[in-house]
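Quick notes on the structure that follows.
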Number of protein chains: 2
Amino acid sequence: MKPFQNISVYLGVEENNVIKEQHPMQETLDQRLTERNIKPTAVRLLVLKAFMAQEAAIGLADLENRFDHADKTTLYRTLKTFEEHKLIHSIDDGTGALKYALCQETCDCTPEDLHVHFLCTVCNKTFCLNDTPIPQINLPTDFSLDSVNMVVKGLCSDCR
Amino acid sequence: MKPFQNISVYLGVEENNVIKEQHPMQETLDQRLTERNIKPTAVRLLVLKAFMAQEAAIGLADLENRFDHADKTTLYRTLKTFEEHKLIHSIDDGTGALKYALCQETCDCTPEDLHVHFLCTVCNKTFCLNDTPIPQINLPTDFSLDSVNMVVKGLCSDCR
DNA sequence: GCACTTTTGCAACCCGGTTGCATAGGCTCC
DNA sequence: GGAGCCTATGCAACCGGGTTGCAAAAGTGC
Ligand SMILES: [Mn+2]
Ligand SMILES: [Mn+2]
Ligand SMILES: [Zn+2]
Ligand SMILES: [Zn+2]
């Protein structure tokens, strides 16, 4: 595979040769990246588009499958860059592979932005339950709380 | 390393050549294993003893370090056997390596036996909060709940 | 065009976990 | 106490997800 960073060609491969100017979504993608101080390269636009196109969280392997023409490392670093700039957050749902989901516009990845995640045991999709804050718990005395990871397993609405 | 299953020698290595008959703890270890239908071999007794000697959860790597003379695979399978027979349960605290902790005597690893786990961000020890049941949460409609993994990070009583 | 920075590709590595297979240990039955 | 059997152990190799080092390509400013 030859490196190829030209945006329209990259997008063309994905989008049946519809080039940049014909993408109405393009501006919002661009904007979403630049808002978070991420330079909008071809791969990054594609990855962001993937995130915006589906509700379920996305793992590195998913991206590898979806973008045959992009390298694993590049996709990996794209995820890291997105995470650093708080465009996405990582989710450890216990399946052994990290997944990522878009942060909400207002998100700053502070403890208040933490929320419950849901893993469907049938379709293996993972969802952010953004409206389900993590409940308070009582720790033993002399233990102090920093952060909480809460993953609920069950059946999603499609699988039940 | 030569395989060696003789219990007293194994225990001797660990216990400065105090042999089986001189262990007051021996019977309770034996008992705890046979209660769960696990044949009390040398390695198993040692591993169980390790679990009973400390409160914090134990990972495979810990066992490898503690028992130079025992093979990784054997220790791995010992953990699996213990888990299958519900003598211990596994804890995924997000550190990348599974840890294990003794089940309570009454434990049957049913959803009711689930509890919160605590990972200290300083000493990296993980504890069962057996007295901290996992709080109820409200799922979106059409989602059904199966199980929950809840890991709290913070400072333990020794590290604060 | 040229020099410089950033992004991408490729290969190799790391680590925790897991498997296949051979051997040793211990147990039963005679 | 030996033959046969089942289990536990050891060893080596593998696997998958993640990560790093380094070189080439692409983008940027002049
Ligand atoms: Mn989320
Ligand atoms: Mn526990
Ligand atoms: Zn589902
Ligand atoms: Zn601590």
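Letters go in sequence order (proteins before strands), and every chain restarts at 1.
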Set of residues satisfying side-chain contact (heavy atoms from CB on, under 4.5 Å) with respect to B/T141, sequence neighbours excluded: none
DNA chain D contacts made by residues 87-103 of chain B, counting heavy atoms under 4.0 Å: none
Partners passing side-chain hydrogen bond (donor to acceptor under 3.5 Å, both in side chains) against B/T106 (at least two apart in sequence or in another chain): none
Contacts of type ring pair (Phe, Tyr, Trp, His ring centres under 6.0 Å), residue B/F118, not counting sequence neighbours: A/F143
Transitive ILVMFWY cluster of B/L119, excluding itself - 4.5 Å side-chain cut-off: B/V151
Residues in side-chain contact (heavy atoms from CB on, under 4.5 Å) contact with A/D131, at least two apart in sequence or another chain: none
Sequence-distant partners of B/E83, side-chain contact (heavy atoms from CB on, under 4.5 Å), two or more places apart: B/K80, B/I88, B/S90, B/Y100
Residue pairs involving residues 32-57 of chain A (criterion ring-ring contact (aromatic ring centres under 6.0 Å, His included); sequence neighbours excluded): none
Distance in angstrom units between A/E64 CD and C/dC10 P, rounded: 13 Å
Gap between atoms CG and P, on B/L79 and C/dG16 respectively (whole Å): 14 Å
Residues forming a side-chain contact (heavy atoms from CB on, under 4.5 Å) with A/V148, sequence neighbours excluded: A/I134, A/L145, B/M150, B/V152
Whole angstrom value for the distance that separates C1' of D/dT9 from CZ of B/F82: 14 Å
Pairs under 3.5 Å (N/O, protein and nucleotides 20-22 of chain D):
| from | atom 1 | to | atom 2 | distance (Å) |
| --- | --- | --- | --- | --- |
| D/dG21 | O6 | A/R77 | NH2 | 3.3 |

Partners passing salt bridge (charged side-chain N to carboxylate O under 4.0 Å, His left out) against A/E105 (at least two apart in sequence or in another chain): A/R32
Taking every non-hydrogen atom, the tightest pair across B/L114 and B/S147: CD1-CB, 4.1 Å
Just the atom pairs and distances: protein N or O near nucleotides 28-30 of chain D's N or O, under 3.5 Å.
none

